Amino acid sequence: MSEIHEHSNKTVVSAEGMKKLEEKLQYLTTVRRAEVAEQIAIARGFGDLSENAEYDEAKNEQSRLEAEIVELENAIRTAIVIDDSDVSTDSVNVGTTVKVLYVEDGDEEEYAIVGARESDPMNNRISNECPIGAALLGKKEGDTVHVDAPDGAIVLKVLKISR
């Protein structure tokens, strides 16, 4: 998803992540609202609303859509946008890229530390809230980190921090 991190009702997001949130909100409030309204109108034409499964489903979809819109509006309103130039590479934080060594097997991996909404583990964009991301936060180059991951304990060494 997007690069966001919940911080006591505040959402930390990159400029790119904010743009994606705003684009999604625009899509939901224009295109999706119109589609759902049309589904409701069509379902109304099927007759008795008390036994109309299509109408019920369309109304449920409308409720889900409106809830998602409210959630996005709240995330955008409370967002703290992290500008790349504001990100220090002194230690691991949201907005940094960190190269780590898996001590046990010698593998090296590079992760972009992002907020929860922007995480995409398949593309090495990990959340600052996931076990590895959370363990790396605040660490400096040369630090060794012990991570309690779902698959067991992992030991990582921070090799390099960049933007």
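Basis for what follows: all heavy atoms, side chains included, without hydrogens, waters or symmetry-related copies. If you're wondering where the values come from, they're calculated on a predicted model, not measured in any experiment.
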Between CG on residue L72 and CZ on residue R77, distance to nearest 0.5 Å: 11.5 Å
Return all side-chain donor-acceptor pairs below 3.5 angstrom for residues 26-38, not counting sequence neighbours, or 'none' if the list is empty.
{"unit_1": "T29", "atom_1": "OG1", "unit_2": "L25", "atom_2": "O", "d": "2.9"}
{"unit_1": "T29", "atom_1": "OG1", "unit_2": "Q26", "atom_2": "O", "d": "3.2"}
{"unit_1": "T30", "atom_1": "OG1", "unit_2": "Q26", "atom_2": "O", "d": "2.6"}
{"unit_1": "R32", "atom_1": "NH1", "unit_2": "E35", "atom_2": "OE1", "d": "2.5"}
{"unit_1": "R32", "atom_1": "NH2", "unit_2": "E61", "atom_2": "OE2", "d": "2.7"}
{"unit_1": "R33", "atom_1": "NE", "unit_2": "E66", "atom_2": "OE2", "d": "2.9"}
{"unit_1": "R33", "atom_1": "NH2", "unit_2": "E66", "atom_2": "OE1", "d": "2.8"}

Under 3.5 Å donor-acceptor, T78 side chain and N74 backbone: yes
Distance (rounded to the nearest 0.5 Å) between E71 CD and I69 CD1: 11.5 Å
From CG (N93) to OG1 (T89), nearest 0.5 Å: 11.0 Å
From C130 atom SG to Y111 atom OH, the distance as rounded to the nearest 0.5 Å: 8.5 Å
I113 and V98: CA distance, side-chain angles, deciding distance, side chain to side chain contact (heavy atoms under 4.5 Å, CB included) verdict: CA-CA 7 Å; I113 308 298; V98 59; 4.0 Å; yes
For the student: nearest non-hydrogen atoms of R163 and T97, plus distance: C-OG1, 4.2 Å
For residues 42-49, dump all side-chain donor-acceptor pairs below 3.5 Å to protein atoms at least two apart in sequence or in another chain.
{"unit_1": "D48", "atom_1": "OD1", "unit_2": "S50", "atom_2": "N", "d": "3.0"}
{"unit_1": "D48", "atom_1": "OD1", "unit_2": "S50", "atom_2": "OG", "d": "2.8"}
{"unit_1": "D48", "atom_1": "OD2", "unit_2": "S50", "atom_2": "OG", "d": "3.0"}

From CA spacing to verdict: side chain to side chain contact (heavy atoms under 4.5 Å, CB included), I126, S119: CA-CA 5 Å; I126 62 171; S119 72; 5.8 Å; no
Closest non-hydrogen atom pair between A135 and V147, with its separation: CB-CG2, 3.6 Å
Minimum-distance pair of heavy atoms, taken over all atoms of S91 and G138: CB-O, 3.6 Å
Inter- and intrachain pairs under side chain to side chain donor-acceptor pair (under 3.5 Å), touching residues 136-149, at least two apart: none
Derivation of the side chain to side chain contact (heavy atoms under 4.5 Å, CB included) call for Y102 and L156: CA-CA 5 Å; Y102 281 78; L156 301 173; 3.5 Å; yes
Residues clustered with M122, ILVMFWY side-chain links under 4.5 angstrom: none
Residue list, salt bridge (Lys or Arg N to Asp or Glu O under 4.0 Å) with E51, at least two apart or on another chain: none
Same cluster (ILVMFWY, side-chain, under 4.5 Å), V158 and I154: yes
Salt bridge (charged side-chain N to carboxylate O under 4.0 Å, His left out) pairs, two or more places apart, involving residues 101-113: K99-E108
Nearest heavy-atom neighbours spanning G142 and K157: O-CE, 3.7 Å
Minimum-distance pair of heavy atoms, taken over all atoms of A149 and P131: CA-CB, 4.4 Å
Shared hydrophobic cluster for V100 and L137 (ILVMFWY, side-chain gaps under 4.5 Å): yes
Sidechain N-carboxylate O distance under 4.0 Å for K19, E23: yes
Note, E68 side chain near K24 side chain (heavy atom, < 4.5 Å): yes
